[in-house]
Each structure stands twice: as C-alpha cells, then as structure tokens.
Amino acid sequence: MDSRVIADLILHLGRIAAGDGLAGGLTPVQWAGLRFFARANRFSRTPSAFAAFHGTTRGTASQTVKGLVARGVLRQTRSKSDGRSVRLDLTAKGRAILAGDPIETLVRAADALPAGVRGDFSVTLQRMLGCVVSQTGKPFFGTCETCVHFEGGSCCQEGLPAHVCGFLNEPLMDEERNGLCINFASGKPGSPRTPGVCAGQQ
Ligand code: SF4
C-alpha cells in the first residue's frame, strides 16, 4: 500500500473518531487534555508536560488546563517541595466525563481486531510515532517497562515499592508502570524506538 494512503488513513481515523462537536461539553483540545491527564504518570501531570505531549505552547496548554480546572474536571495541587510546580489530577466529575469519550468508537474498533493483529498494530504504531517524533524533535512519552531508568526495587516485600525510577530516584508502585512519562528514555530491548532513527533509514 502507498505510504501516503496509510498516513491519510491514520489522520482520517483520528479526525472522525474525535467527533465533530462539543462532546460532554468539552472542546477537542480539552478532550486531549483530559485524556492526557488520565494517562500520564504523577511526574508528568503538569501543564508543561501536556504542552510537550500535545505539541503546543505552554501558554496555550495553561489556558486549556485553566478551563478544565474551572469546569471541575481537573484538580490542581501545589507541590510540597516546590511551591511553584503544580500537579493535575482528574476529579470524579472528570472521570465520569471521560467515560463518555467519543473515541470509544475507535477503542471498540481496536477491540474487534484479533489479539495478534492488535499486538502487531500497536508495535507498528509505536514505531511510526517514534519515527515522527525523532523527525520533528518532539519528546517521546513512553512507559516504565521499556525505560532505561526503570529499576527493580524491593519486590514483594510488604509495604515497600516494587520498583524505582532511577532518573528521579522515586519509588514506583506496580500500578504506576503504565503511565505516560515525559522523562522516558529509550534504550532497553523492546523499547519503542531508536532515538533519531526511522526504521527505513537504518
Ligand atoms: S522509570 Fe522512566 S518512564 Fe518510569 S517514571 Fe522513571 S523516567 Fe519515567
């Protein structure tokens, strides 16, 4: 298949799945923010990380965040160690709105794929994403499992964290391993990309 057709299909899928109106009363960019803060880990739930993920300016990202806080779907907490930085978390109202996410149609389409196809498709999309971010200079948001900073902790000892983030020297609980992270660094086997290189150029 022609590569341009594939690129068109991906764009078209994203556009029609996102819906055409104010689903749940949120604009498309507010939906992008809500999805990001639902998936990002605790180190990345900041306006600047959202700006980097969404490919927008910090000012624009801050406006989106302000709108979401004002609507009561995000809660803003100031850092105890650094009074200037904030963390954003979904409120119960935010989680309820997220349950009506218009991209559920796309989720169901992915669900309908055979398991093997879904796995291959996920790897393919990760490779394409890695290639695009390396060409555009955008950061790659990955998860702990394939990050070079992911270290084993005191696994299985009651009350102790299962893992540690070597970059931030912070404990990581099991349930935190799948959060998107702005500090992700590839390099482990199975890592979603080789920095700066697209597969076809290797
Ligand atoms: S191990 Fe990597 S992905 Fe996980 S929190 Fe640390 S820097 Fe982020």
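For clarity, every value in this text was computed on a predicted model and none was experimentally measured. Indexing begins at 1, ligand by ligand and atom by atom, following the structure's order.
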What atoms in ligand 1 come closer than 4.0 Å to a heavy atom of [X]?
X    : result
N183 : 7 (S)
H149 : 1 (S), 2 (Fe), 7 (S)
C147 : 1 (S), 2 (Fe), 3 (S), 7 (S)
F43  : 5 (S)

Discussion item. So, 2.8 Å as the limit: is an N/O/S atom of C181 located closer than that to atom 8 (Fe) of ligand 1?
Written reply: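 So C181 counts as coordinating atom 8 (Fe) of ligand 1, yes.
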
Item to complete: Begin with the C-alpha distance, continue with both residues' side-chain angles, and end with the deciding distance and a verdict on side-chain contact (heavy atoms from CB on, under 4.5 Å) for F141 and V133.
Response: CA-CA 10 Å; F141 283 68; V133 297; over 6 Å; no

Practice prompt. Answer yes or no: are there more than 12 heavy-atom neighbours, outside N169 itself, under 6.0 Å from its atom CG?
Written response: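 12 or below, so no.
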
Discussion item. Using every non-hydrogen atom in the two residues, find where L172 and F43 come nearest and quote the distance to one decimal.
Written reply: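 Scanning both residues, the minimum pair turns out to be CD2-CE1, 3.8 Å.
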
Worksheet entry | Heavy-atom closest pair, residues S186 and V148 |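 Closest pair (atom of S186, atom of V148, distance): O-CG1, 3.5 Å.
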
Discussion item. Quick check on atom 2 (Fe) of ligand 1: does C144 put an N/O/S atom closer than 2.8 Å to it?
Written reply: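 For C144, the answer is no, given that no N, O or S atom comes within less than 2.8 Å of atom 2 (Fe) of ligand 1.
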
Discussion item. Show, in sequence, the C-alpha distance, side-chain angles and deciding distance for I97 and W31, and conclude whether the side-chain contact (heavy atoms from CB on, under 4.5 Å) test is met.
Written reply: CA-CA 10 Å; I97 291 177; W31 269 110; 3.7 Å; yes

Worksheet entry | atom 6 (Fe) of ligand 1: nearest protein contact (heavy atom, Å) |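 Its nearest protein heavy-atom neighbour is C165 SG, 2.3 Å.
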
Worksheet item: F36 vs F53 aromatic rings, parallel, tilted or perpendicular, using cut-offs 30° and 60°?
Response: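 If you compare the ring of F36 with that of F53, the planes turn out tilted.
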
Worksheet item: Is it true that N41 lies under 4.0 Å from ligand 1, counting heavy atoms only?
Response: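 Judged by the 4.0 Å heavy-atom criterion, N41 does count as contacting ligand 1.
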
Worksheet item: So which of L90, L88, L26, T91 actually passes side chain to side chain contact (heavy atoms under 4.5 Å, CB included) with L68?
Response: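 One option only clears the test, and that one is L26.
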
Item to complete: Determine whether the side chain, the backbone, both or neither of V148 has a heavy atom under 4.0 Å from any heavy atom of ligand 1.
Response: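 None of V148 does.
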
